[in-house]
2 protein chains.
Amino acid sequence: MRRPAKNPPPTGRRSNKPRPAVAARAPAAKPYHHGDLRRVLIEAAMQLVGEGGPEAVSVREAARRAGVSPGAPFRHFPSRDALMNAVAEEAQRRFRAEIEMALADAPSGDPLGRFRCLGIAYLRWAMKNPTHFEIISSRRFFDHDRSAGVSSDNAELIGLTERMLAEAFSAGQLRIQDLKQVQIAGRALVYGFARMHIDGHLPRWGVAEAEVEQMAADIVDLFIAGIAGPAAKV
Amino acid sequence: MRRPAKNPPPTGRRSNKPRPAVAARAPAAKPYHHGDLRRVLIEAAMQLVGEGGPEAVSVREAARRAGVSPGAPFRHFPSRDALMNAVAEEAQRRFRAEIEMALADAPSGDPLGRFRCLGIAYLRWAMKNPTHFEIISSRRFFDHDRSAGVSSDNAELIGLTERMLAEAFSAGQLRIQDLKQVQIAGRALVYGFARMHIDGHLPRWGVAEAEVEQMAADIVDLFIAGIAGPAAKV
DNA sequence: TGTGAATGTAAGCGGCGATTACACGGCTTG
DNA sequence: CAAGCCGTGTAATCGCCGCTTACATTCACA
């Protein structure tokens, strides 16, 4: 948790004649007001998360990177947790975009195929953005239920899997009766693999970094094969 | 992360005639030396983990509960991380004991049954000790590879699953060829479910607290059924 | 043009991990 | 049995943290 002593050069204080435009514009002088500090703080925090994980985020460091005083962020976020919340919402936005993009390409006539596609896309994003995935997954870093956006996104995703499985069952693609069990098991599978990646378990289990993506696809396929019925062509 | 201001009563300093026994024994007076501070610190930290998760552990609070000064713990642990390491090793010891006990009851003639039994025991312990499970699972709280004990325990468990699956395959209990995929998928499944529990996802996915244990068993069975071959009676 | 709201700075509180100098006392050794 | 070493405690201190308060500056609008 120790800060690495960034040693920021004390940039000159007082400005002479800042431009009245919204965004910072003066070349050498710094305007008193930042322009869009809130946005910049979130981006700085996102970057910190990417560099050292969720706990590497400190309000002071974000302020440092934004070039403002340690107290400034508290004008925009009442607490560190609130900042983390904003970061989580941004991460969730990107995650959702990835999922939607992947599903847009999947044929609607094959629900089980779409289910598989969802699993693959889920894992692909989690593999590529482990620290951001961790933020939106693990309580501790922000309170899921405190953010309406994240919560509703999540509920939507849950409902989506439910519908997919129901359709797959209707189409005779499943041989398992209890759809809820399938849903939970599938979710546990992909979440577990993503978590193993984040938590650094995969090397210990003999999965090298280069094989990770292939293995992710393989276990999703293995799971699908395990639940697929005679009508599915897996 | 804020401490809740424990307000410890300032117990009298100087002792008169402390007993020369190893453990503290004087009724009202406190000996200068603690007796077994290391042990007590680990226990205090374990308790803190149980109360508020891994990040609720602070060296100062552990010292407070042990009734010593804030600097005392550093005689036994060079850093907070070292304390967490000791806590993790204790947790790992208990985890391993649970697994071994469960496997002792499983018939050796049914490798796939033993595999299932392992999964159930794994989940049972994780459900009952979520915060301790989190410590030994998530990097961030201690470095797995820094502890020879935890590392070897883990390697042993991994080897165990490997052997079980190989035996099950030889016995014709599996219909899947790629045993490594089965191993990773199985581990991802149980780890994912345990993580969903720890991270508070289960209620959102429609699994109430009372159903958790049953659902854990159900998804293990579902997975086993998915990989079981014609020779297995699942 | 004047003024209040928004948004920045400066200073400071208490808690934290960690280090250092010093105090105590059990144990070995002569 | 006495001496003193060394393991283990305390006290004080450092710098970083989240967060609060008082004050300064600037924008936007009447």
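Within every chain, numbering begins at 1; the chains are lettered A, B, ... in the order of the sequence lines, protein sequences first and strands thereafter. This one's a predicted model, so the numbers in the text were calculated from it and none came from an experiment.
Atom pair Glu61(B):CD and dA18(C):P shows a separation of 16 Å (rounding to whole Å applied). Rounding to whole angstrom units, NE2 of residue His76(A) and C1' of dA5(C) are separated by 14 Å. Atoms CE (Met84(B)) and C1' (dA18(C)) sit 17 Å apart, rounded to a whole Å. Spacing between atom CG of Asp36(A) and atom C1' of dT7(C) amounts to 12 Å, rounded to whole angstrom units. The distance between atom CD of Glu55(B) and atom C1' of dG15(C), rounded to the nearest whole Å, is 16 Å. Distance CG (Leu37(B)) to C1' (dT10(D)): 13 Å, rounded to an integer number of Å.
With DNA chain C read from its 5' end, the first of the two nearest nucleotides for Ser79(B) and Gly71(A) is the one closest to Gly71(A).
In the set dT9(C), dT10(D), dG17(C), dT10(D) carries the atom at the smallest distance from any side-chain atom of Val68(B). Closest contact between the side chain of Ala72(A) and the listed nucleotides dA18(C), dG18(D), dT9(C) involves dT9(C). Comparing dG17(C), dG18(D), dT7(C) by their closest approach to the side chain of Arg60(A) singles out dG18(D). Set against dT10(D), dA18(C), dG18(D), the side chain of Phe74(B) has dA18(C) as its closest nucleotide. Relative to the side chain of Arg80(B), the nucleotides dG18(D), dT8(D), dG17(C) differ in distance, and dG17(C) lies closest. Of the candidates dT9(C), dC19(D), dA18(C), the closest approach to any side-chain atom of Ser69(A) belongs to dT9(C).
Counting heavy atoms from C-beta outward, Leu103(A) and Met164(A) have side chains that approach closer than 4.5 Å. Side-chain contact check for Tyr122(A) versus Phe193(A): every heavy-atom pair is 4.5 Å or farther apart. Between Glu98(B) and Asn129(B) the shortest side-chain heavy-atom distance does not fall below 4.5 Å. Looking only at side-chain heavy atoms (C-beta outward), Gln183(B) and Arg187(B) stay at 4.5 Å or farther from each other.
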